[in-house]
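Heads up, the thing below is written out as structure tokens.
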Amino acid sequence: MKKFFYVVPKYACFPLLLAIITNSLVYTGSKIITNHFKHYDLSIFLDDWIPFLSVFIIIYILAYLHWIIGYIVISRESKEKCVFIVTADILAKMMCLFFFLVLPTFIERPTVVPHDLLSFLTNFIYKMDEPVNLFPSIHCLESYMVFRGCLNLNVSKSYKVGMGIFMVLVCLSTVFVKQHVVVDIVGGVLIAEVSYQLAKKVQWFKK
């Protein structure tokens, strides 16, 4: 337990847990509510040009590690920055909830026959994650949020560059493995940035 608090400060435990719970409630709850709603395909002509590249499923899965590392590093900087990034994240999830309910989306995914590790992983993700609640892309939102949050940290330039590069790769992975369409990426990044700016305005993290 002491080792855990060495990695994640005590003051960060509740905010980070709250962010995880909020994400789960928004994503799962909205799927239940909109189960029988009409869903829309937001794909555009660009999506027809983007090939399916199973190798990007590795990046798609590693995104979860990207977020974990990003939020922990931000939280370790200070209590203020921890609460700030969680505030921004929760505001973003409230916006996601609005779109998930008002504009339910879906995507037609390719049939992938498992024959190697990459195709097996792709099928696993397809089975675990239904092709709904796509706009905005939470994958892109979270990766942008941890990248945006690290820019004001007292960390090395290489860490910031690395987080930025991986954020771009995560965004690309969402369309290359056909989990999202182009507009989902744009929506995820824009909502993350808007929420980041709103968090500065409300300043709950200073209370």
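Index from 1, following the sequence.
A heavy-atom distance below 4.5 Å is found between the side chains of Ile185 and Thr174. In this structure the side chain of Phe166 reaches within 4.5 angstrom of the side chain of Ile59, judged on heavy atoms. Counting heavy atoms from C-beta outward, Leu42 and Leu103 have side chains that approach closer than 4.5 Å. Contact check for Ile125 versus Val177: no side-chain heavy atoms found under the 4.5 Å cut-off. At least one side-chain heavy atom of Tyr71 sits under 4.5 Å from a side-chain heavy atom of Met145. The shortest distance between side-chain heavy atoms of Tyr27 and Lys31 falls below 4.5 Å. Taking 4.5 Å as the limit, some side-chain heavy atom of Leu153 sits within range of a side-chain heavy atom of Ile74. At a threshold of 4.5 Å between non-hydrogen side-chain atoms, the residues Val168 and Ile165 do not count as touching.
Listed for the Thr34 side chain is no donor-acceptor partner under 3.5 Å among the backbone atoms of Phe37. Thr105 places a side-chain N or O within donor-acceptor distance of the main-chain N or O of Leu134, the cut-off being under 3.5 Å. The backbone N or O of Glu77 lies less than 3.5 Å from no partner atom in the side chain of Asn154, so there is not a single donor-acceptor pair. Under a 3.5 Å cut-off, the side chain of Asn35 and the backbone N or O of Ile32 do not form any donor-acceptor pair.
Nearest approach of Thr122 to Val112, heavy atoms of both residues: CG2-CG2, 4.1 Å. The two residues Cys150 and Lys160 come nearest to each other via the heavy atoms O-CE, 3.3 Å. The shortest heavy-atom contact between Phe147 and Met163 is CD1-C, 3.9 Å. Residues Asn152 and Tyr196 share a closest heavy-atom pair of ND2-OH, 3.3 Å. The two residues Cys82 and Pro15 have their closest heavy-atom pair at SG-CB, 4.0 Å. The two residues Arg109 and Asp129 come nearest to each other via the heavy atoms NH1-O, 2.8 Å.
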Query - Ile58 vs Leu118, side-chain contact (heavy atoms from CB on, under 4.5 Å): CA-CA, chis, key distance, verdict - result: CA-CA 8 Å; Ile58 301 297; Leu118 295 177; 3.8 Å; yes
Report task. Using the side-chain contact (heavy atoms from CB on, under 4.5 Å) rule, take Phe135 and His180 through it: C-alpha gap first, then chi angles, then the decisive distance, then the call. Result -> CA-CA 8 Å; Phe135 181 87; His180 285 279; over 6 Å; no
Report task. Take Lys38 and Phe106, measure what side-chain contact (heavy atoms from CB on, under 4.5 Å) needs, and give me the verdict at the end. Result -> CA-CA 10 Å; Lys38 179 180 179 180; Phe106 78 100; over 6 Å; no
Report task. Go through the steps for Lys93 and Leu141 under the test side-chain contact (heavy atoms from CB on, under 4.5 Å), then give the verdict. Result -> CA-CA 9 Å; Lys93 296 305 164 51; Leu141 184 156; 4.2 Å; yes
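If you check the side chains of Asn133 and Ser30, you find a donor sitting under 3.5 Å from an acceptor.
For the atom pair Ser78 OG and Phe84 CZ, the distance stands at 11.0 Å (nearest 0.5 Å). In this structure, Glu142 CD and Trp67 CH2 are separated by 6.0 Å, a value rounded to the nearest 0.5 Å. Annotation: the span from Thr28 atom OG1 to Glu130 atom CD amounts to 9.5 Å, rounded to 0.5 Å. Atom CG of Leu18 is separated from atom CG of Asn23 by 11.0 Å, given to the nearest 0.5 angstrom. Note: Ile107 CD1 to Lys178 NZ = 7.0 Å, rounded to the nearest 0.5 Å. We find the CG-CE distance between Asn123 and Met128 to be 13.0 Å, quoted to the nearest 0.5 Å.
Residue Tyr64 is not grouped with residue Leu17 when hydrophobic side chains (ILVMFWY) are merged at heavy-atom distances under 4.5 angstrom, including chains of intermediate members. The hydrophobic cluster containing Leu65 does not contain Ile20, counting ILVMFWY residues as joined when their side-chain heavy atoms lie under 4.5 angstrom apart, directly or transitively. Criterion: ILVMFWY side-chain heavy atoms under 4.5 Å apart, direct or through other members. Under it, Trp49 and Phe176 are part of a common hydrophobic cluster. Linking ILVMFWY residues whenever their side-chain heavy atoms come closer than 4.5 Å, directly or via other members, leaves Ile21 and Tyr11 in distinct clusters. Cluster membership check: Val182 does not share its hydrophobic cluster with Leu190, using side-chain heavy-atom separations under 4.5 Å among Ile, Leu, Val, Met, Phe, Trp and Tyr.
Annotation: His66 is not in aromatic contact with Tyr60 [ring centroid separation under 6.0 Å not met].
Around atom CZ of Phe120, no more than 12 heavy atoms belonging to other residues, nucleotides or ligands sit under 6.0 Å away. The 12-atom threshold is exceeded at OH of Tyr159, counting heavy atoms of other residues, nucleotides or ligands nearer than 6.0 Å.
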